[in-house]
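All remarks here apply to the structure that follows.
Just so it is clear, the structure is predicted and the values come from calculations on it, not from any experiment. Lettering follows sequence order; numbering is per chain, from 1.
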Number of protein chains: 2
Amino acid sequence: MLIADARTSYAEIGAKVSLSAPAVKRRVDRLRSSGVIKGFTTVIEPAAVGWTTEAFVELFCTGRTTPAQITVATRRHPEVVGAYTVSGQADALVHLRAADIGHLEQALERLRAEPFVTSTRSMVVLSRLVEVPTPVPAPN
Amino acid sequence: MLIADARTSYAEIGAKVSLSAPAVKRRVDRLRSSGVIKGFTTVIEPAAVGWTTEAFVELFCTGRTTPAQITVATRRHPEVVGAYTVSGQADALVHLRAADIGHLEQALERLRAEPFVTSTRSMVVLSRLVEVPTPVPAPN
DNA sequence: CGTGAAAAGCGGACTTT
DNA sequence: AAAGTCCGCTTTTCACG
């Protein structure tokens, strides 16, 4: 219920699971401190705040590039909203969000300038078909 | 502030921006109805709920495959947490989350069985380096 | 947009199971 | 160890100016 709406009251959750509001709060607190719940966020429509362009970029890196290096490098670029080391030909996959194509090009140029990047392969997103904010665990 | 913590009180936000709590609520309500704010969610650690494997899969499709077709097909698979039509060799990029490699293999098999899929190219995620839940608009 | 007031929700302390 | 109850305090949400 908190995935569907992070502002759901403890009493309302309690009504669904037959628990008192304080009991629900204690459980949520426990989920937070045990790291299951990482936090509560707001889902924004990127286009509504001027971010209309999105791309996935495969990174090909020099022989001894560590994941840590890629992490610190990609974090420097505000356009990076996701980065993963992957199996396959590429070493990493980077998810970029930019204001427009010009901005994307510029961000990509900066990314390619990183010393360990040997080449890249870009996929510009034409349309977002599906995007689940949080993976919902299968209900029992 | 609601991106950083969706449960921040209106009074606290108001203190930061010099506005009364009701004024903040009215603005948030307006952002919701205008579609800027799509909702409030909880960020879960997938591994904590048993989803330890992740992959990005490029989809190569038959000549006349529509985005709508890909949308309905991918939505049928609960492992799909993201899907995008893209420029480049591939027609679409699909983000999958599964319990383990076996589950991922099975999900991939099901995806490949879709009639319009001619071939796929998978990148299994080795480690998640960066993941921003919501793209934070640059502060002025 | 601010104010003030009513209703709802939160988060302790304490008791019970 | 975890749930329930009680209760003061905060937050939400409304009507009004």
C/dC1, D/dA2, D/dT5: which one has an atom nearest the side-chain heavy atoms of B/A23? C/dC1

Nearest-Å distance, CG (B/L19) to P (C/dG2)? 5 Å

Is there a side-chain contact between A/V86 and B/V124 (heavy atoms, below 4.5 Å)? no

Heavy-atom protein contacts under 4.0 Å, nucleotides 5-17 of chain C, coded B base, S sugar-phosphate only, - none: ----SSS------

Looking just at side-chain N and O atoms, do A/E54 and A/H95 make a donor-acceptor pair shorter than 3.5 Å? yes

With B/R7 as the cation and A/Y10 as the aromatic partner, state whether NZ or CZ is under 6.0 Å from the six-membered ring centre and within 45° of the axis. yes

Identify, with sequence neighbours excluded, every residue that meets side chain to side chain donor-acceptor pair (under 3.5 Å) alongside A/T71. none

Separation of D/dT13 P from B/R27 CZ (nearest whole Å): 17 Å

Would you indicate whether the side-chain heavy atoms of A/L19 and A/R27 approach each other to under 4.5 Å? yes

Check the distance between D/dT12's C1' and B/L2's CG and give it to me in whole angstrom. 14 Å

Tell me every residue that passes side chain to side chain donor-acceptor pair (under 3.5 Å) with B/T85, counting only those two or more places apart in sequence or in another chain. A/S127

